[in-house]
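By convention in this document, chain letters (A, B, ...) are assigned in the order of the sequence lines, proteins followed by strands, and residues within each chain are numbered from 1. This is a predicted model, so every value here is computed, not measured.
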Amino acid sequence: MNKSDFTDKLSKDFYLADVLTVAKNLLGKTFVKAGSNKILSGKIVEVEAYNGLMDEASHSFNGMTKRNEIMFKQGGLLYVYFTYGMHFCSNIVTGKEGDGCAVLIRGIEPIDGIKQMAKNRYGKTALTGKENINLTNGPAKLTQAFGIGRKDNGIDMTGNEIYILDSKNIHSKKISVSKRIGIKKSVDLPWRFYITDNPFVSGK
DNA sequence: ATCAAGATTACCT
DNA sequence: GGTAATCTTGATA
């Protein structure tokens with residue numbers, strides 16, 4: 001057993017829990033993309049839960065299709081979808097096979113690889129203050145910053161390419177709860193969670 | 001075969 | 001605050 005076998009990567013079990021629990025517990029954790037290039041990482045500061053067959057707003061509500069099939073697999077996979085003809089968004093599948101639950105990552109505070117993120121977003125590395133905030137303060141923005149796309153749909157988050165590092169849960173007093181953003185069905189469900197006052201929480 | 005809508009963003013006034 | 005951009009998917013015929 002070598003040194004790299006000791007990691008604090010979130011294990012499969014973490015993702016098998018209830019989607020609302022996983023969503024809240026993901027706040028403050030470090031999202032990492034290792035892959036081929038430089039390491040990119042950031043702190044998850046905003047998420048939304050999509051609760052499978054219970055949830056009209058979820059992609060999985062009407063059952064499995066070619067688009068959402070990853071959502072129906074066992075928790076711990078990355079679900080990437082394309083929308084509005086131009087954007088990709090990143091989700092973490094939760095629960096057991098067939099649940100169709102996932103957590104949309106809506107905001108990340110960059111840690112490592114900020115220059116690469118800037119390049120992915122703007123094609124340059126010198127950014128204005130506004131561009132720095134806009135790097136990762138929205139679901140499609142952070143997905144672009146991390147260079148995540150169609151090819152990453154279905155990646156196993158317990159592998160070495162894209163994963164999340166464990167850390168202490170954020171205290172519930174620092175977590176805000178609200179309605180989800182940008183949906184037209186089940187609009188009143190309080191399934192958006194974010195770290196209060198963090199600047200990388202998407203606008204509203 | 002056709003069509004409307006979409007878990008958004010950037011840019012405009 | 002308003003809306004164009006842009007194209008895939010899923011539903012309907």
Side-chain angles (χ1 to χ4, degrees), chain A residues 15 18-24 26-27 31 42 44-73 75 77-95 99-110 117-124 126-155 157 162 176-195 199-204:
Chain A
Y15 301 106
D18 171 76
V19 66
L20 295 173
T21 303
V22 176
K24 277 178 272 197
L26 277 173
L27 291 175
F31 184 88
I44 299 172
V45 302
E46 179 188 3
V47 296
E48 281 176 2
Y50 286 86
N51 202 350
L53 304 168
M54 315 277 301
D55 180 3
E56 272 195 291
S58 173
H59 287 169
S60 55
F61 179 70
N62 287 311
M64 186 154 58
T65 64
K66 188 157 190 180
R67 179 203 204 194
N68 66 23
E69 61 181 354
I70 297 297
M71 281 187 84
F72 285 91
K73 296 190 185 288
L77 300 185
L78 185 70
Y79 167 52
V80 180
Y81 67 85
F82 182 68
T83 191
Y84 291 108
M86 58 187 89
H87 300 303
F88 291 98
C89 295
S90 304
N91 304 255
I92 312 298
V93 178
T94 73
D99 285 354
C101 294
V103 177
L104 171 68
I105 302 179
R106 291 195 56 94
I108 281 185
E109 179 177 324
M117 293 186 199
K119 223 171 167 185
N120 290 345
R121 288 271 293 135
Y122 298 106
K124 60 178 188 179
L127 302 183
T128 66
K130 193 169 194 168
E131 285 171 334
N132 272 299
I133 289 294
N134 277 318
L135 217 44
T136 50
N137 66 341
K141 296 178 192 176
L142 67 90
T143 299
Q144 184 184 21
F146 275 80
I148 292 170
R150 211 182 308 270
K151 65 182 185 333
D152 302 306
N153 190 34
I155 281 182
M157 304 285 297
I162 298 177
S176 295
V177 182
S178 81
K179 298 172 183 178
R180 293 173 293 181
I181 292 178
I183 54 174
K184 301 228 171 90
K185 298 172 223 162
S186 301
V187 293
D188 290 328
L189 294 170
W191 287 351
R192 172 173 175 250
F193 307 97
Y194 58 95
I195 298 178
F200 289 91
V201 170
S202 66
K204 189 186 159 187

From CE of A:Met86 across to P of C:dT3 the rounded distance in Å is 16 Å

Atom-pair distance (NZ on A:Lys66; P on C:dC7), nearest Å:
20 Å

A:Phe82 side chain, from C-beta outward: closest of B:dG6, C:dT8, B:dA7
C:dT8

Does A:Lys66 NZ have over 12 foreign heavy atoms under 6.0 Å away?
no

Are any of A:Arg121's side-chain N or O atoms less than 4.0 Å away from OP1 or OP2 of B:dA10?
yes

Roughly how many Å is it from CZ in A:Arg106 to C1' in B:dT9, rounded to a whole number?
11 Å

I want to check one thing: is the phosphate of B:dT9, taken as OP1 and OP2, less than 4.0 Å away from some side-chain N or O of A:His87?
no

Spacing between A:Glu131 atom CD and B:dT9 atom C1', to the nearest angstrom:
14 Å

Looking at C:dT8, which nucleotide sits across from it as a Watson-Crick or G-U wobble partner, both distances under 3.5 angstrom, or is there none?
B:dA5

Donor-acceptor side-chain pairing of A:Asn137 and A:Lys141 below 3.5 angstrom:
yes

Relative to each other, are the rings of A:Phe146 and A:Phe31 parallel, tilted or perpendicular (30° and 60° limits)?
perpendicular

When all nucleic acid strands are considered with a 4.0 Å heavy-atom cut-off, which category describes A:Met71: base, sugar-phosphate, or nothing?
base

Looking at B:dA7 and A:Tyr50: do their rings stack (centroid distance under 5.5 Å, interplanar angle under 30°)?
yes

Give A:Ala140 one of three labels, base, sugar-phosphate or nothing, depending on what nucleic acid heavy atoms sit under 4.0 Å from its own.
sugar-phosphate

Proximity to the side chain of A:Leu104 - top-ranked nucleotide from C:dA11, B:dA7, B:dT9:
B:dA7

B:dA10 OP1/OP2 closer than 4.0 Å to side-chain N/O of A:Lys141:
yes

So, the side chain of A:Asn68 versus the backbone of A:Thr65: is there a donor-acceptor pair under 3.5 Å, distance only?
yes

In whole angstroms, how far is the C1' atom of B:dA5 from the CD1 atom of A:Ile183?
15 Å

Rounded to whole Å, NZ of A:Lys185 lies from P of C:dG10 at a distance of 12 Å

Any side-chain N or O of A:Thr65 less than 4.0 Å from the OP1 or OP2 oxygen of C:dG10?
yes

How close or far is atom P of B:dT8 from atom CG of A:Asn134, stated in whole angstroms?
15 Å

If you pin A:Tyr122 and A:His59 to their nearest nucleotides in DNA chain B, which one's is more 5'?
A:His59

Distance in angstrom units between A:Leu135 CG and B:dT8 P, rounded:
19 Å

Short side-chain N/O contact from A:Arg67 to OP1 or OP2 of B:dG6, under 4.0 Å
no

Does the cation-pi check pass for A:Arg106 over A:Tyr194, that is, NZ or CZ under 6.0 Å from the six-membered ring centre and within 45° of its axis?
no

